[in-house]
Student: 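Take this structure, written in structure tokens, and hold onto it; I'll ask about it next.
What you see is a predicted model, and the numbers here were worked out from it, not measured in a lab. Start at 1 with the first residue, then count along the sequence.
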Amino acid sequence: MQTPSSSTTTTTTTAYGERLLRELDELLARHPLESLSDLGVVAELPPAEGDHGQCADDDQNRGGHGEAERPPSSPSFAIVEGRHLAVAAAAVAPLFLAARDTVIWRRGRSGAGGTLGAAEETADEEAVSKASRALVLLNPEHLTAWNARRRLVADGQLDVAGELAVVELVLSRHPKRAAPWSYR
């Protein structure tokens with residue numbers, strides 16, 4: 001049974017994870033996977049340009065989430081430098097949970113026996129595509145995410161060349177994992 005404070009914490013964590021998922025999608029829109037050669041998790045990111053060491057408490061006092069210190073082109077938890085994508089370790093858990101929940105919930109909706117309209121189904125497929133991409137980048141053994149991506153490729157929602165870029169990036173970090181090799 002959840003207490004009111006744990007419910008608030010869960011809601012806040014979920015909202016934060018969803019924001020991270022959106023930011024990752026925006027980052028990967030600017031830096032396509034085909035242009036990246038390495039993926040890593042780092043303890044913390046270097047400060048963004050214009051960030052003068054202000055802490056998270058200052059952000060909350062202003063009512064923001066760090067947007068004032070980081071330029072809009074730079075997410076608060078990930079960075080692309082050259083051909084390398086780095087994700088801050090503190091962001092991995094909320095990002096993973098938000099992506100996992102999106103994939104599972106949206107897949108459940110689409111399997112509801114045709115009760116969704118075409119627009120809702122397309123939105124669900126796009127959300128599953130983005131969330132499953134985040135999942136496989138963070139956890140290459142997440143079979144549900146790979147199977148969701150396999151289904152999207154079979155339905156023509158994802159192109160094969162783009163999928164090979166996802167697999168190549170995952171394998172750059174985890175070369176001996178079975179799931180990406182099997183998916184490939």
Student: Might you point out which heavy atoms bring Phe77 and Leu45 nearest each other, and give the distance in Å?
Tutor: C-CD1, 3.2 Å
Student: Between Val160 and Val153, does a side-chain contact (heavy atoms from CB on, under 4.5 Å) hold up when you go through it step by step?
Tutor: CA-CA 7 Å; Val160 174; Val153 169; 4.2 Å; yes
Student: Between the side chain of Thr102 and the main-chain N/O of Ala98, is any donor-acceptor distance below 3.5 Å?
Tutor: yes
Student: What heavy-atom pair brings Val128 and Val103 nearest, and what distance separates the two atoms?
Tutor: O-CG2, 4.2 Å
Student: Does the pair Arg22/Glu26 count as a salt bridge with the N-to-O cut at 4.0 Å?
Tutor: no
Student: If I compare all heavy atoms of Ala179 with all of Leu143, which pair ends up nearest, and what's the gap?
Tutor: CB-CD2, 3.7 Å
Student: In chain order, what residues pass the side-chain hydrogen bond (donor to acceptor under 3.5 Å, both in side chains) check against Glu163, with sequence neighbours excluded?
Tutor: Arg149, Tyr183
Student: Using a 3.5 Å cut-off and no angle test, enumerate the donor-acceptor pairs between side-chain atoms of residues 165-174 and protein atoms at least two apart in sequence or in another chain.
Tutor:
unit_1, atom_1, unit_2, atom_2, d
Ser172, OG, Ser37, O, 3.4
Ser172, OG, Leu169, O, 2.6

Student: Can you list every ring pair (Phe, Tyr, Trp, His ring centres under 6.0 Å) pair that touches residues 81-104, not counting sequence neighbours?
Tutor: Phe96-His142
Student: Which heavy atom of Val41 sits nearest a heavy atom of Val92, and at what distance?
Tutor: CG1-CG2, 4.0 Å
Student: Looking at every non-hydrogen atom in both residues, tell me the closest pair between Leu21 and Lys130 and how far apart they are.
Tutor: CD1-O, 4.4 Å
Student: For a side-chain contact (heavy atoms from CB on, under 4.5 Å) check, start with the C-alpha distance between Leu28 and Leu137, then their side-chain angles and the critical distance, and finish with the verdict.
Tutor: CA-CA 12 Å; Leu28 293 176; Leu137 290 175; 4.2 Å; yes
